[in-house]
Structure formats: C-alpha cells, structure tokens
Amino acid sequence: MISTPEQQTVDAAITSRRSIRAFLPTPVARADLAAILEVAARAPSGTNTQPWKVYVLTGARKERLSQRLLAVHNDAQLARLHSEEYAYYPREWTSPFIERRRKVGWDLYALLGLTREDKAGMAAQHGRNYRFFDAPVGLIFTIDRVMEQGSWLDYGMFLQSIMVAARGRGLDTCPQAAFTQYHKIIAEELELPSGEMVVCGMALGFADPGKIENTLRTEREPVAGFVKFLD
C-alpha cells in the first residue's frame, strides 16, 4: 500500500516525537503555542467533557517555579516531605515493564557518562526536570478532582495531540511525571483552585542538536508482540 503525502506527514509527526532532555533557548511565539493547544483541544473526550486545563509558563514565572522546585529537590530532608498525589507508576514492578524502565534509564545515564555509583550525578540529571530541561516553555496540566478514570484516559489523548501538533511545527517536547511529587508547591505557585490537581508537566521548545542526551532512541515492541489479529 502506497501512503499519501497526508499520511506521511501525520506518520512523520508521530514517529519523530521523542522525549527531548535538552532545549535551545530559542523562544516560541505565543501564537504558535495557542495554535498547538487549539489543535490539541480536538482530542476526543467522553461526552465532550474536555477535562484538561493548561498553565503555560515562560520567562520569570517559569524560572520562579523552577527555583522553588529545585530548592526542595536538592534538599533531601525537604524532598522527603513531598509525595505524589496519585500513583503514576505501579507500586509493584513486574516483567517486562521493569526491564524497559531500567533500560531507558541506564541508556540515558550511559550517554551522559553517569555510572550506577554516581548518585549525585543521577540526582542532578533528574533535577533538570524542574528546569523543564531549559526549554523556553513549561506546561503544567491539571484536572478537576471530580473527574474519574475515564477522563484521565481522555487526558492522555490530549497530551499526545499537543506533542504531535508541536512536531508538525518543528518543535519538540518532553512529557514529565516528575512534577507530580511537588504538586503542593506547584499549586501554591500557580494559585490553583483547591478543586484542581496536577496531572503532569511538559517541556516544549526546539531541541538542542548538540546535546548527547538528545541522541537517545528508545526501543518499541514490534506489533506482533502486543497485538492479536482475530478473524
């Protein structure tokens, strides 16, 4: 089957998406951000509930949040006072998920020259999450607490739509669950209503092609490994 130019464009936007961990300081126009979010808002949601809310941070507001989060992250005693409001990862890891998780972690650390013994280096790399990996745009996503699991599934489609729309404009992203640990700080800094909870964050901007961490290519299971065709 020969794909059409339209199919090739969509496929390229999806398959070229990667989690970028080093960005250029090049600004992103607000009009482009608004256009990306407008496109993403066409994501499906049960009975059109559209459960997403987005806080777009740039400049001084982004820097202020980053500094507050890093101050806590870099202090082990303070960091232990904070925990996620919901379980993003399983509480008990099983195969093959734990092997996939370990591989992507060690592949990244190997590129950065970090060994298993370099706990400080790994902590510093993790801390880069809270600077949005130096991206010019940081996004914080929230959801109303009244929404249930189905709306969280809808939210995933919205996030994917943002990332694909960004790729279609030559931009890159990194979805970040790391922010969930410090949801109380984020709620205070962004003055979130008590009825909203933090879902995740996302860095958005132009990838820095000179950074070795951006050469990471994660593996994907072949279709035969996760699909059953039933005739």
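Residues: numbered from 1 along the sequence shown. Everything numeric in this text was worked out from a predicted model, so none of it was measured. These values consider heavy atoms only, across backbone and side chains, with no hydrogens, waters or symmetry-generated copies.
Under the rule for a side chain to side chain donor-acceptor pair (under 3.5 Å), Gln125 has no partner lying at least two apart in sequence or in another chain. Every residue meeting the side-chain contact (heavy atoms from CB on, under 4.5 Å) condition with Thr218, not counting sequence neighbours, appears here in chain and number order: Val104, Leu216, Arg220. In this structure Lys184 satisfies the side chain to side chain donor-acceptor pair (under 3.5 Å) test with no other residue, sequence neighbours excluded. For Gln77, the side-chain contact (heavy atoms from CB on, under 4.5 Å) partners two or more places apart in sequence, or in a different chain, are Asp75, Arg80. Qualifying side-chain contact (heavy atoms from CB on, under 4.5 Å) partners for Lys53, counting only residues two or more places apart in sequence or in other chains: Thr142, Asp144, Glu196. Not a single side chain to side chain donor-acceptor pair (under 3.5 Å) links Ser194 to another residue, sequence neighbours left out. Every side-chain contact (heavy atoms from CB on, under 4.5 Å) that Tyr86 has, sequence neighbours left out, goes to Tyr88, Trp152, Thr180, Met197, Val199.
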Could you give me the CA-CA distance, side-chain angles and deciding distance for Arg145 and Glu85, then say whether salt bridge (charged side-chain N to carboxylate O under 4.0 Å, His left out) is met?
-> CA-CA 11 Å; Arg145 295 179 184 279; Glu85 195 169 11; 2.4 Å; yes

Take Asp172 and Leu204, measure what side-chain contact (heavy atoms from CB on, under 4.5 Å) needs, and give me the verdict at the end.
-> CA-CA 6 Å; Asp172 288 282; Leu204 187 152; over 6 Å; no

Passes side-chain contact (heavy atoms from CB on, under 4.5 Å), Glu84 versus His183? Steps please.
-> CA-CA 7 Å; Glu84 296 86 352; His183 61 91; 5.8 Å; no

I would like to know whether Phe141 and Tyr155 meet side-chain contact (heavy atoms from CB on, under 4.5 Å); could you show each step before the answer?
-> CA-CA 9 Å; Phe141 300 94; Tyr155 218 120; 3.2 Å; yes

Where do Arg100 and Glu219 land on the side-chain contact (heavy atoms from CB on, under 4.5 Å) test, with the steps shown first?
-> CA-CA 9 Å; Arg100 292 171 182 167; Glu219 297 176 358; over 6 Å; no

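Note that the CG atom of Leu33 and the CZ atom of Arg169 stand 10.0 Å from one another [nearest 0.5 Å]. Here the straight-line distance linking atom CG of Leu111 with atom CH2 of Trp106 works out to 13.5 Å at 0.5 Å rounding. For the atom pair CG of Leu37 and CZ of Arg42, the computed distance is 14.5 Å after rounding to the nearest 0.5 Å. Between atom OG of residue Ser66 and atom CZ of residue Arg61 there is a gap of 12.0 Å, rounded to the nearest 0.5 Å. The structure places CG of Leu112 at 11.0 Å from CG of Asp107, a figure rounded to the nearest 0.5 Å.
Looking only at distances, a side-chain donor or acceptor of Gln176 sits under 3.5 Å from a matching main-chain atom of Ala203. The closest donor-acceptor contact from the side chain of Asp154 to the backbone of Gly46 lies under 3.5 Å. Using a distance-only test at 3.5 Å, with no hydrogens or angles considered, no donor-acceptor pair links the side chain of Asp134 to the main chain of Pro25. In this structure, Gln50 contributes its side chain and Ala43 its backbone to no donor-acceptor pair below 3.5 Å.
Under a 4.5 Å side-chain heavy-atom cut-off, the cluster of Ile, Leu, Val, Met, Phe, Trp and Tyr residues that includes Phe23 is completed by Ile20, Phe133. Hydrophobic clustering, defined by side-chain heavy atoms of Ile, Leu, Val, Met, Phe, Trp and Tyr closer than 4.5 Å, groups Phe226 together with Val223, Val227, Phe229. The other residues sharing a hydrophobic cluster with Val164 are Val10, Ile14, where clustering joins ILVMFWY side chains under 4.5 Å apart. Through side-chain heavy atoms spaced under 4.5 Å, either directly or across other Ile, Leu, Val, Met, Phe, Trp or Tyr residues, Ile185 is tied to Tyr55, Leu57, Leu65, Leu69, Leu70, Val72, Leu78, Leu81, Tyr130, Phe132, Ile140, Phe179, Tyr182, Ile186, Leu190, Leu192, Val198.
Between Asp118 and Tyr109, every side-chain heavy-atom pair lies at or beyond the 4.5 Å cut-off. Side-chain contact between Phe158 and Pro44: absent, with no pair of heavy atoms (C-beta onward) separated by less than 4.5 Å. Inter-residue side-chain proximity for Ser45 and Pro51 is flagged as met; some heavy-atom pair is nearer than 4.5 Å. You'll find the side chain of Met202 reaches within 4.5 Å of the side chain of Met163, heavy atoms only.
Under a hydrophobic clustering in which Ile, Leu, Val, Met, Phe, Trp and Tyr are joined whenever their side-chain heavy atoms come within less than 4.5 Å, directly or via other members, Val39 and Val54 fall into different clusters. Ile143 and Leu153 fall into different hydrophobic clusters, where Ile, Leu, Val, Met, Phe, Trp and Tyr are joined by side-chain heavy atoms under 4.5 Å apart, directly or via other members. Residues Met157 and Ile162 fall into different hydrophobic clusters, defined by Ile, Leu, Val, Met, Phe, Trp and Tyr side chains chained together at heavy-atom separations under 4.5 Å.
A tilted orientation is assigned to the rings of His73 and His126, their planes being inclined by 30° to 60°.
Residues Gln8 and Thr4 bring no donor and acceptor atom of their side chains to less than 3.5 Å of each other.
Contact record, Val137 with Leu139: CG1-CD2, 3.9 Å, taken as the closest heavy-atom pair. Shown here for Val28 and Pro136, the closest heavy-atom pair between the two residues is CG2-CG, 4.1 Å. Heavy atoms only, all atoms of each residue included: Glu63 and Arg131 are closest at OE1-NH2, 3.0 Å.
Heavy atoms of other residues, nucleotides or ligands lying less than 6.0 angstrom from CZ of Arg217 number more than 12. More than 12 heavy atoms of other residues, nucleotides or ligands lie within 6.0 Å of CD in Glu99, so this atom counts as buried by the packing criterion.
Screening residues 14-30 for side chain to side chain donor-acceptor pair (under 3.5 Å), with sequence neighbours left out, gives Ser16-Arg167.
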